[in-house]
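Chain A is the first sequence line, chain B the second, and so forth, proteins listed ahead of strands; every chain is numbered from 1. Since we're looking at a predicted model, the values are computed, not measured.
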Amino acid sequence: MNIFEEYKKKLITIIKKAEKDKLLILPENLNSVNVDSTPPKIDFDISTNVSMVLAKPNNKSPNDLAKVLIELLKKEDKHIDEISFAKPGFINIKFNKNYWNNFANKIISSSHNYGSSGKDKKKYLVEFVSANPTGPLHVGHCRGAILGDVISNLLQFNQNIVEREYYVNDHGNQISHFNYSVYLRIREKLYDEKFPLDNPDLYPGDYLKDIANSIIKNNKDTNFQNFKDIENHLKKLSITESLNLIKQNLIDLGIKHDNFVSETNLVNDKEVEKVIEKLKESKHVYTGKIKAPEGEDNSKWTEREQLLFKSTDFGDDKDRALQKSDLTWTYFASDVAYHNTKVNRNFDKLINILGADHAGYIKRITSVVEAISGEKNKLSCKVSQLVKLIKDGKPFKMSKRKGDYITVEDLIEQVGKDATRFIMLSRSNDVELDFDFSKVKEKSKDNPLYYVQYCYARICSVFRNIKLNIKDELKIKNQIYNYTNDELKILKKASEWPRCVEIASNKLEPHRIPVYLYELSSEFHSYWNKGKDDVDKRFIDKNNKISDDKLALLKVVSIIIKLGMKILGVNTPEKM
RNA sequence: GCGCUUGUAGCUCAACUGGAUAGAGCGCCUGACUUCGGAUCAGGAGGUUCUGGGUUCGACUCCUAGCAGGCGCACCA
């Protein structure tokens, strides 16, 4: 139930009828006709730009046109309390009490899906995290993880089918280095050999000691003397160990993937060859040379013939290599194979969440998906920007190589899952995020999460006082309310919720949800405090009774906060 | 050099997918606790939306040319 959308439909019906009656001339399409909420300072409920849009084709000023339209609307719509023209050409409408009664009742009766649009349902695959299985997640991964999870939640809230997937890069050189590092940690433990900390290819982090210990403990019969003999076996063990660390991190963050897809399996199943054959047939793959980038040091550049994907056909600046000089596949090649399996699984839309340092990768992978599927915009990529960690007012640098970074475990332990999620989500994903560790920890009162949770807790406290359970369905016999202007202000905000969800979902911008919830909470807190001076504005009267008007209002606000926080994956405690 | 991305109040960020006088938080100044929970509220100061052009009835938003920061640029993933 989106009141703006409903009104737009109504409006268009009315003006189309007026066209038939030769009262108006309509332009070819009415796409630019909008029905919006009014800015807060304007004391109306909704506004439309229709008279500005129609001004030109009718050769009239918006003002003159508005006079005609206002008369039409007054005649056709019984819910209008007040309607007027405002410069530069808006028509503002205020609804009558009856309208808002119906509105409140509708929200209460549709409490589980208020704001869920359910139109244009699709089947989505969301790939996110996909961090190399070489160790636990760090704070940087965390933002993308939460982003992917909440985008999935949003799409599910709008009744789409969503699969969450993790692509496990368990194949290339980095994994081999990682595996060898685990091996050396095992030798360190078993044969008392020092780990070579100066080798930049190796992973020195302390967690490898834990992995090594665990492998030793669980494989007592294995002889670790010769690396070559056990390399492949050990690789499996190492990957399983580090994936378990990652999975635990994800659980701590409240995230659960449906599938983990292994790169090694794709390679072993010859999926890469299959897709390359397919792309050769469509002339998107050829053998050729790539030029060195200009302006960079290319003294080490050796031009050579190699298998290339023609991504320049799709607007990329150069074609991309599929095969390394040793004739093994590049990361890109197996990712092409992976995306081919995605396309074959018949999803309507694919979504990838990438880290900021992989943004340059987007063009080639969307190109490949277009080449395979023949569909433009089949795959959309979202980049999660860096998280700048700040500790005691100073930037805190991380290095995965040095094993010197804040883990998700630290983060959750110190800040908490809910605060982490809420803060990381409250900024647009393509803006860098300052995450001040000490601030979030110490001054938790300044945290916007608590502002929203507190709003919910206050509502719960009223329910407790009148011996009602917030979780129960609200039963009001006589569903007629008499809201004051202060209360209507909150309902007006509540009416914007479906639009917030719709935009957040269409643009894949979940930060709109926490921003909205904060605003809604703000309206509520403001009203609450008016009760200090004005007894009529308190929810509970002297006799510990509550009016139906106020009870319904509380229920409406609580419903939206609950739904919103659920999308964010954040709790709404009844007491704080 | 090329590509992507960001630039809004002192700081951190929003801005309803082109709308009205650009809004919050923090910080600064002033005020409200015997309360349905002060983790809250009311008010004040604070702006050339990086710059120049363009499209539009209308631009923070779109186009274009710059400026500044970030990320990336074969045989890593």
Side-chain angles (χ1 to χ4, degrees), chain A residues 4 32 34 36-42 47 49 52-53 55-56 61-62 86-90 92 130-132 134 169 171-175 263 289-296 298 301-304 306 308 316-321 323-326 328 330-332 334-335 355-363 383 385-386 426-428 430-434 436 439 443-448 450-451 453-455 457-459 461-462 464-466 496 499-500 502-503 506-507 509 511-512 515-516 518-519 522 525-533 538-541 544 546 550 575-576:
Chain A
F4 308 102
S32 49
N34 280 330
D36 281 319
S37 61
T38 57
K41 284 173 192 168
I42 293 171
S47 82
N49 63 353
M52 285 186 278
V53 175
K56 227 179 193 179
S61 75
K87 278 183 186 177
F90 295 102
N92 291 326
S130 297
N132 290 349
T134 56
N169 302 133
H171 187 66
N173 283 329
Q174 298 215 357
I175 288 296
E263 182 184 359
K289 291 174 181 170
I290 314 179
K291 282 179 188 164
E294 275 173 48
E296 275 215 339
N298 48 27
W301 189 275
T302 50
E303 228 180 49
R304 64 177 194 89
Q306 58 191 155
L308 301 174
D316 203 355
D317 32 319
K318 59 175 97 177
D319 293 335
R320 303 294 173 175
Q323 223 165 17
K324 301 181 200 169
S325 47
D326 63 0
T328 59
T330 59
Y331 168 80
F332 177 57
S334 43
D335 208 19
D357 51 342
H358 288 65
Y361 191 73
I362 293 175
K363 196 74 213 177
V383 169
Q385 270 299 339
L386 291 177
S426 51
R427 303 266 127 92
S428 157
D430 37 34
V431 164
E432 282 190 19
L433 178 90
D434 280 6
D436 192 325
K439 220 177 177 179
K443 294 201 249 166
S444 61
K445 289 174 191 171
D446 292 341
N447 195 316
Y450 298 107
Y451 189 85
Q453 286 185 330
Y454 187 47
C455 176
R458 274 181 155 172
I459 293 171
S461 118
V462 175
R464 271 197 304 278
N465 275 295
I466 52 173
E496 293 168 17
R499 165 153 297 199
C500 170
E502 190 188 339
I503 294 169
N506 287 352
K507 298 179 87 170
E509 289 181 354
H511 74 276
R512 290 164 189 274
V515 169
Y516 171 85
Y518 190 92
E519 288 167 0
S522 174
H525 286 310
S526 172
Y527 181 64
W528 179 284
N529 273 66
K530 283 182 181 163
K532 276 197 295 194
D533 300 327
R538 293 190 186 176
F539 287 96
I540 300 172
D541 64 21
N544 208 34
I546 187 167
K550 288 180 169 142
K575 275 184 185 175
M576 289 170 71

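Between the side chain of Ser47(A) and the backbone N or O of Phe90(A) there is no donor-acceptor pair closer than 3.5 Å. At distances below 3.5 Å, not a single donor-acceptor pair connects side-chain atoms of His525(A) with backbone N or O atoms of Tyr454(A). Under a 3.5 Å cut-off, the side chain of Asp316(A) and the backbone N or O of Lys363(A) do not form any donor-acceptor pair. Between the Lys550(A) side chain and the Arg538(A) main chain, a donor and an acceptor come within less than 3.5 Å of each other.
A sub-4.0 Å separation between OP1 or OP2 of rA77(B) and a side-chain N or O of Asn132(A) is absent. The shortest distance between the side-chain N/O atoms of Lys532(A) and the OP1/OP2 oxygens of rG31(B) is not below 4.0 Å. Considering only side-chain N and O atoms, Ser461(A) lies under 4.0 angstrom from the phosphate OP1 or OP2 of rG37(B). Taking only side-chain nitrogens and oxygens, Tyr518(A) never comes nearer than 4.0 Å to OP1 or OP2 of rA39(B).
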- request: Verify side chain to side chain contact (heavy atoms under 4.5 Å, CB included) between Lys575(A) and Arg464(A), making sure each step is shown before the conclusion.
  value: CA-CA 10 Å; Lys575(A) 275 184 185 175; Arg464(A) 271 197 304 278; 3.5 Å; yes
When you compare the protein's N or O atoms with those of nucleotides 68-71 of chain B, which come within less than 3.5 Å of each other, and at what distance?
{"unit_1": "rG70(B)", "atom_1": "O2'", "unit_2": "Glu432(A)", "atom_2": "OE2", "d": "3.3"}
{"unit_1": "rC71(B)", "atom_1": "O2'", "unit_2": "Ala356(A)", "atom_2": "O", "d": "3.1"}

Please produce a list of atom pairs where a protein N or O lies less than 3.5 Å from an N or O of nucleotides 54-63 of chain B.
{"unit_1": "rC57(B)", "atom_1": "OP1", "unit_2": "Lys56(A)", "atom_2": "NZ", "d": "2.4"}

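Across rA15(B), rA74(B), rU21(B), the shortest atom-to-atom separation from the side chain of His511(A) is found for rA15(B). For Val462(A), whose side chain is taken as the heavy atoms from C-beta onward, the closest listed nucleotide among rC76(B), rC36(B), rC16(B) is rC36(B). Considering only the side chain of Lys324(A), rA77(B) comes nearest among rA77(B), rC41(B), rA74(B). Considering only the side chain of Met576(A), rA39(B) comes nearest among rU6(B), rA74(B), rA39(B). Closest to the side chain of Pro39(A), from the set rA20(B), rA74(B), rA77(B), is rA20(B). Closest contact between the side chain of Ala86(A) and the listed nucleotides rC73(B), rG19(B), rA20(B) involves rA20(B). Checked against rC73(B), rA77(B), rA20(B), the side chain of Ser47(A) finds its nearest nucleotide in rA20(B). In this structure, the nucleotide among rU12(B), rA77(B), rG37(B) sitting nearest to the side chain of Asp434(A) is rU12(B). Ranking rC76(B), rC73(B), rG37(B) by closeness to the Asn173(A) side chain, first place goes to rC76(B). Of the candidates rC13(B), rC41(B), rC36(B), the closest approach to any side-chain atom of Trp528(A) belongs to rC36(B).
Within the nucleic acid shown, Thr328(A) has no heavy atom closer than 4.0 Å to any nucleic acid atom. Among the atoms of the strands shown, base atoms are found under 4.0 Å from some heavy atom of Asn49(A). Residue-level contact check: Ser61(A) touches neither bases nor backbone, having no heavy atom under 4.0 Å from any strand. Residue Arg512(A) is in sugar-phosphate contact alone, with no base atom involved, counting any heavy-atom pair closer than 4.0 Å across all strands shown.
Rounded to whole Å, the P atom of rU6(B) lies 15 Å from the corresponding atom of rG18(B). Rounded to a whole angstrom, the distance from the P atom of rG19(B) to that of rC33(B) is 43 Å. Taking atom C1' in both rU56(B) and rA39(B), one finds a spacing of 47 Å when rounded to whole Å.
Both distances falling under 3.5 Å, in either a Watson-Crick or a G-U wobble arrangement, occur for no nucleotide opposite rU48(B). Under the Watson-Crick or G-U wobble criterion, with both distances below 3.5 Å, rA20(B) has no partner in any strand shown. Using N1 to N3 plus N6-O4 or O6-N4 for Watson-Crick, or N1-O2 and O6-N3 for G-U wobble, each under 3.5 Å, rG72(B) pairs with rC2(B). rG25(B): Watson-Crick or G-U partner is rC11(B), with both key distances under 3.5 Å.
With contacts defined as side-chain heavy-atom distances shorter than 4.5 Å, the pair Asn465(A)/Phe539(A) does not qualify. Contact check for Leu308(A) versus Lys318(A): no side-chain heavy atoms found under the 4.5 Å cut-off. The shortest side-chain heavy-atom distance between Asn173(A) and Lys324(A) falls under the 4.5 Å cut-off. The shortest side-chain heavy-atom distance between Ile175(A) and Asn169(A) does not fall under the 4.5 Å cut-off. With contacts defined as side-chain heavy-atom distances shorter than 4.5 Å, the pair His171(A)/Ser334(A) does not qualify.
Summarising the geometry of Cys500(A) relative to Arg512(A), their closest heavy-atom pair is SG-O, 3.5 Å, with the distance given to 0.1 Å.
Remark: ring of Tyr454(A) does not overlap the six-membered base ring of rG37(B) in a stacked fashion, as centroids less than 5.5 Å apart with planes less than 30° apart are not both met. No aromatic stack links Tyr331(A) and the base of rC76(B), using centre distance under 5.5 Å and interplanar angle under 30°.
Separating the NZ atom of Lys318(A) from the C1' atom of rG1(B) is a distance of 11 Å, rounded to the nearest angstrom. Note: CD1 (Ile42(A)) to C1' (rG23(B)) measures 14 Å, nearest angstrom. The nearest whole Å value for the distance from the CD atom in Glu519(A) to the C1' atom in rA15(B) is 9 Å. Distance CG (Asp533(A)) to C1' (rU40(B)): 13 Å, rounded to an integer number of Å. Atom NZ in Lys41(A) sits roughly 8 Å away from atom C1' in rG23(B) (whole-Å rounding). Note: NZ (Lys530(A)) to C1' (rA32(B)) measures 14 Å, nearest angstrom. With rounding to whole Å, Lys363(A) atom NZ is found 18 Å from rC73(B) atom P. Rounded to whole angstrom, the span from the CZ atom of Arg427(A) across to the P atom of rU8(B) amounts to 13 Å.
With respect to the salt-bridge test (charged N to carboxylate O, under 4.0 angstrom), the residues Asp36(A) and Arg499(A) qualify.
For Asn506(A) and rU17(B), a side-chain-to-base donor-acceptor distance below 3.5 Å is present, hydrogens and geometry of angles not being considered. Not a single donor-acceptor contact under 3.5 angstrom links the side-chain atoms of Asp430(A) to the base of rU5(B).
When the nearest nucleotides of RNA chain B are assigned to Glu496(A) and Asp326(A) by heavy-atom distance, the more 5′-ward of the two goes with Glu496(A). Mapping Ser526(A) and Asp317(A) onto RNA chain B via the closest heavy atom, the residue that lands nearer the 5' end is Asp317(A).
For the salt bridge (charged side-chain N to carboxylate O under 4.0 Å, His left out) test, residues two or more places apart in sequence or in another chain that qualify with Lys530(A) are Asp486(A).
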